[in-house]
Amino acid sequence: MSVIDLINAENKTAFSFEILPPLKGAGIDKLMSDIETLLPYNPKYINITTHRSEYVYMPEPNGMYCRKLTRRRPGTVAVAAAIKAKYGVTVVPHILCSGYTPEETEYTLIDLQFLGISDLLVLRGDKAPHQKSFTPEDGGHAHAIDLQHQINKYNQGFFFDGKEMDKLPPQFCYGVACYPEKHEESPNAERDLYWLQQKVEAGAQYAVTQMFFDNEKYFDFVDKARKAGINVPIIPGIKPLKKMAQLNVLPRTFKIDLPEALASEVRKCKSDEEVAALGCEWTINQCKELMAHGVPSIHFYSVGAVDSIAKIAKAIY
Ligand code: FAD
């Protein structure tokens with residue numbers, strides 16, 4: 001079943017989470033064991049992130065370094081297929097503009113079609129670390145909506161070059177990203193919402209939020225989205241705090257605020273273990289309030305927090 005059907009079929013808040021493909025060379029065992037930790041809580045679907053190529057500096061025998069374009073976390077499609085085959089859960093690989101040409105995207109769509117994977121999260125993707133600002137590949141897509149158009153065309157039976165397929169493919173169902181605290185590049189929240197509305201009109205069946213720690217920001221965002229005529233499910237993305245350092249790292253990386261009530265409690269903690277316990281407590285309260293508001297699904301960002309998410313899921317589901 002596709003994500004949208006799973007959400008619509010559920011009369012209570014569904015559980016889902018996002019995982020990252022393993023670092024190149026790390027193997028898949030740890031990832032599978034993380035998934036098995038969370039399987040007892042009946043995830044309706046699992047998202048798999050995608051990571052573009054970036055420059056790394058490789059040591060040379062002569063003591064110099066050579067700059068090489070490499071993908072540190074390859075394997076999104078294969079990881080998705082492995083999870084689907086092993087656990088029979090709906091998988092949602094992320095598909096990006098960043099680092100991909102439309103031709104490469106088309107090959108990914110073909111791979112996914114042959115693997116029987118038809119759910120996607122369609123994203124522009126982050127800029128590469130060596131880029132000052134996001135820059136598409138030559139002939140590549142500048143925004144998620146442009147990638148949506150390519151997928152829509154594929155769904156209608158046309159390749160990117162306009163050539164018609166011999167047979168209509170199975171239909172991809174997709175969601176997009178949204179930002180209760182505004183996307184960092186948007187001049188204002190209204191403009192950001194305008195583009196979300198365009199993404200929904202272009203075929204996004206649901207939206208998943210960037211992480212937030214203050215439910216009021218989510219409620220206010222959903223309110224504004226509804227007033228703007230955006231009627232698809234807006235799935236809250238939630239991350240439990242695990243470490244003291246996240247007090248600075250999360251706002252810097254994701255351009256979000258941590259509420260003072262949370263930040264001041266974190267500052268009182270004497271160890272990361274105490275922060276993790278506080279993070280669980282905060283997230284459980286956050287989730288209970290979201291559930292009381294009837295959110296369709298809670299989507300957990302699991303990186304580095306699988307054990308916390310298991311505790312939270314046990315407490316709320
Ligand atoms: P867009 O929708 O293209 O929006 C980017 C900015 O441009 C926004 O400010 C928007 O208001 C504006 N905008 C949108 N359309 C237009 C247009 N047509 N013309 C002008 N302006 C426009 N990154 C990864 O690299 N890999 C991942 O797997 C990944 N997963 C994610 C999952 C979730 C749930 C979220 C919330 C984010 C994820 N990201 C991931 C990060 C995401 O790719 C970045 O936040 C990126 O900067 C924006 O992506 P987007 O799809 O929202 O872009």
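For ligands, and for the atoms within them, numbers begin at 1 and follow the listed sequence. Source: prediction; values computed, not measured.
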How close does the nearest protein non-hydrogen atom get to [atom], and which residue and atom is it?
| atom | result |
| --- | --- |
| atom 18 (N) of ligand 1 | W195 CZ3, 3.2 Å |
| atom 3 (O) of ligand 1 | H143 ND1, 2.9 Å |
| atom 40 (C) of ligand 1 | L123 CD1, 4.2 Å |
| atom 36 (C) of ligand 1 | A177 CB, 3.5 Å |
| atom 10 (C) of ligand 1 | D192 OD1, 3.4 Å |
| atom 2 (O) of ligand 1 | K199 NZ, 2.7 Å |
| atom 51 (O) of ligand 1 | R124 N, 2.8 Å |
| atom 25 (O) of ligand 1 | D126 N, 3.1 Å |

Return yes or no for this condition: an N or O of [X] is under 3.5 Å from an N or O of ligand 1.
| X | result |
| --- | --- |
| L121 | no |
| Y301 | no |
| H94 | yes |
| Y179 | yes |
| T49 | no |
| H183 | yes |
| G125 | yes |
| Q210 | no |
| T50 | yes |

- Query: Between S297 and H299, is any side-chain donor less than 3.5 angstrom from a side-chain acceptor?
  - Reply: no
- Message: List ligand 1 atoms under 4.0 Å from I145, heavy atoms only on the residue side.
- Response: 18 (N)
- Task: State the atoms of ligand 1, each with its element, that fall below the 4.0 Å cut-off from a heavy-atom position in S186.
- Result: 9 (O), 11 (O)
Flag the pair [X] and [Y] as a salt bridge only when some basic side-chain nitrogen lies within less than 4.0 angstrom of an acidic carboxylate oxygen.
| X | Y | result |
| --- | --- | --- |
| R52 | E54 | no |
| E36 | K86 | yes |
| K227 | D223 | yes |

- Over all heavy atoms of both residues, which pair between C269 and E274 is shortest? Give the atoms and the distance, please. CA-OE1, 3.4 Å
- Query: Which pair of non-hydrogen atoms, one from C287 and one from F300, has the smallest distance, and what is that distance?
  - Reply: SG-CZ, 3.8 Å
- Query: Is it true that a side-chain atom of T76 and a backbone atom of T49 form a donor plus acceptor pair closer than 3.5 Å?
  - Reply: yes
- Query: Under 3.5 Å, is there a donor-acceptor pair between the side chain of H183 and the main chain of E185?
  - Reply: yes
- Item | Proximity to ligand 1 by part of N47, non-hydrogen separation under 4.0 Å | neither
- Which part of K127 is near ligand 1, with near meaning a heavy atom under 4.0 Å away: side chain, backbone, both or neither? neither
- Check whether more than 12 heavy atoms from other residues, nucleotides or ligands sit under 6.0 Å from atom NZ of K255, and answer yes or no. yes
Taking the side chain as C-beta and beyond, is there a heavy-atom pair between [X] and [Y] under 4.5 Å?
| X | Y | value |
| --- | --- | --- |
| Y194 | E190 | no |
| F213 | L250 | yes |
| L241 | L262 | yes |
| I95 | L109 | yes |

